[in-house]
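First comes the structure, then the notes that go with it.
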Amino acid sequence: MNQSKIEWCDHTWNPVTGCLHGCKYCYARRNVSRFSGDVRRNKMAKDNYRTIKSPDGASNLYILDAPMKNETGSMLVYPFGFEPTFHRYRMSRMDELKMGRNIFVGAMADIFGSWVPDEWITEILGYCVDNPKHNYLFLTKNPERYGQLEKAGLLPDRGHMWYGFSYTNNRSEWWTGGNDSRHRFVSIEPLLEDLRLFEADMSCCMMQWVIIGAETGGSKSRVVPEAAWIEKIVEHCDKYHIPVFMKDSLLPIVGEKGMRREFPPELLRREISRKMDEKLYGTCCICESKRKKSSMVTLSARRRREVGAKNFCHMCKSCFEGFCNEHSIEIPELEHTEVKRNG
């Protein structure tokens, strides 16, 4: 579980890494080599991993039930380079987060690639269903897989799960199927040409979020989008009231005033764990309203001077003032929210 540098999410979670699409502009492939160690030597440590064949039988897939480490004891994040790997030991990483977050699942992979077994996907989706505190955002270059899984009854329809796909040029595949109640979004990154799709009223009006970004890196063949390409997409989104999020890579093209950093309302919600909720919030013992403890008065008591005081209830300030007036108690200054009454 990593805090993300990707502007449109809070964290990335990579239970699966590696991809076989072979996109020349792929940032993930470029980053992997720094954290792989000696891949050839790693593959020789056969007791530390398992392999299975991809569904089409064309390649090996790797399974790690425990982290693989190098000779100095450091964890290898990508021990098999960019070959598809299921890091099953990462399946409980959500427990590290106390507050609800927007989680990009599979930032270093395409977990809906044709080579990924259904069993891997359903295990990941099942974990997301069982942990609804967070919003989970999926992204694939193979949106046809969404349709296949939906047809098989394996694609959960949950309000905290968002199914996205990449659409970079006029040859990309658009996801036209699916149940309308599912959250769907499209990532137009990198924007490689003027997209004809946004010239017509097609199913793109069904998207609930559009992300736009330019190709990054130092390649001489890097495509720099024209402002008119971006404007066409934005105009279409405005027509259908679709939020637009522009990545910082568009700043040199549209300028700060032209930047749009919008989120769907559902992705702005923030839930917290029950443990954190109990720590931060309390219930007034008189009016029973739930408030932040920092805004309430905490009453404490102790039996003997040498024994530390213990908190026994909380009151909102108005109830506390009423309580003091009712019992002819001088109301103390309330700049500090904790007031102790020693019994």
For this session: Carefully, step by step, assess Asp110 and Thr140 under the rule side-chain hydrogen bond (donor to acceptor under 3.5 Å, both in side chains).
Result: CA-CA 6 Å; Asp110 186 341; Thr140 182; 2.8 Å; yes
Exercise. Is there a side-chain hydrogen bond (donor to acceptor under 3.5 Å, both in side chains) between Ser181 and Asp157 once you walk through the steps?
Worked result: CA-CA 7 Å; Ser181 65; Asp157 183 0; 2.4 Å; yes
For this session: Could you check Asn70 against Thr72 for side-chain hydrogen bond (donor to acceptor under 3.5 Å, both in side chains), going step by step and ending with a plain yes or no?
Result: CA-CA 5 Å; Asn70 62 16; Thr72 65; 2.8 Å; yes
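At a threshold of 4.5 Å between non-hydrogen side-chain atoms, the residues Leu251 and Glu256 count as touching. Between Asp238 and Arg260 there is a side-chain heavy-atom pair separated by less than 4.5 Å. Arg182 has its side chain within reach of Glu150: a pair of non-hydrogen atoms, C-beta onward, lies under 4.5 Å apart. Considering only heavy atoms from C-beta on, Arg50 stays 4.5 Å or farther from Tyr62 through its side chain. Side-chain atoms of His87 and Thr85, non-hydrogen and from C-beta on, do get closer than 4.5 Å to each other.
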Considering only distance and modelled atom types, tabulate donor-acceptor pairs under 3.5 Å from the side chains of residues 111-119, sequence neighbours left out.
residue, atom, partner, partner atom, Å
Asp118, OD1, Arg145, NH2, 2.7

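A donor atom on one side chain and an acceptor atom on the other are found under 3.5 Å apart for Asn311 and Ser300. Side-chain contact check for Asn170 and Glu193: at least one donor-acceptor pair (N or O, by modelled atom type) lies under 3.5 Å.
Side-chain atoms of Asp194 never come within 3.5 Å of backbone atoms of Trp229 as a donor-acceptor pair (strictly under, hydrogens ignored). Judged purely by atom type and a 3.5 angstrom limit, Asn14 has no side-chain atom pairing as donor or acceptor with the backbone of Thr17. At distances below 3.5 Å, at least one donor-acceptor pair connects side-chain atoms of Ser54 with backbone N or O atoms of Ser59. Asn169 places a side-chain N or O within 3.5 Å of a backbone atom of Ser172 that can act as its donor or acceptor partner.
Salt bridge annotation for Glu215-Arg222: absent, with no cationic side-chain nitrogen under 4.0 angstrom from a carboxylate oxygen. A salt bridge is absent between Lys232 and Glu226: the closest approach of a Lys/Arg side-chain nitrogen to an acidic carboxylate oxygen does not fall below 4.0 angstrom. Residues Arg261 and Asp248 are paired through a salt bridge, judged by an N-O separation under 4.0 Å between the basic side chain and the carboxylate. Using a 4.0 Å cut-off between charged nitrogen and carboxylate oxygen, Asp65 and Arg88 count as a salt-bridge pair.
A continuous path of Ile, Leu, Val, Met, Phe, Trp and Tyr side chains, each step under 4.5 Å between heavy atoms, connects Leu197 with Ile212, placing both in one hydrophobic cluster.
Ring centers of Tyr163 and His183: at least 6.0 Å apart, outside the cut-off. In this structure, the ring of Phe138 has its center no less than 6.0 angstrom from the ring center of Trp162. Between Phe165 and Trp174, the ring center distance clears the sub-6.0 Å criterion.
Of the residues Trp120, Trp13, Tyr136, the one that meets the ring pair (Phe, Tyr, Trp, His ring centres under 6.0 Å) test with Tyr127 is Trp13.
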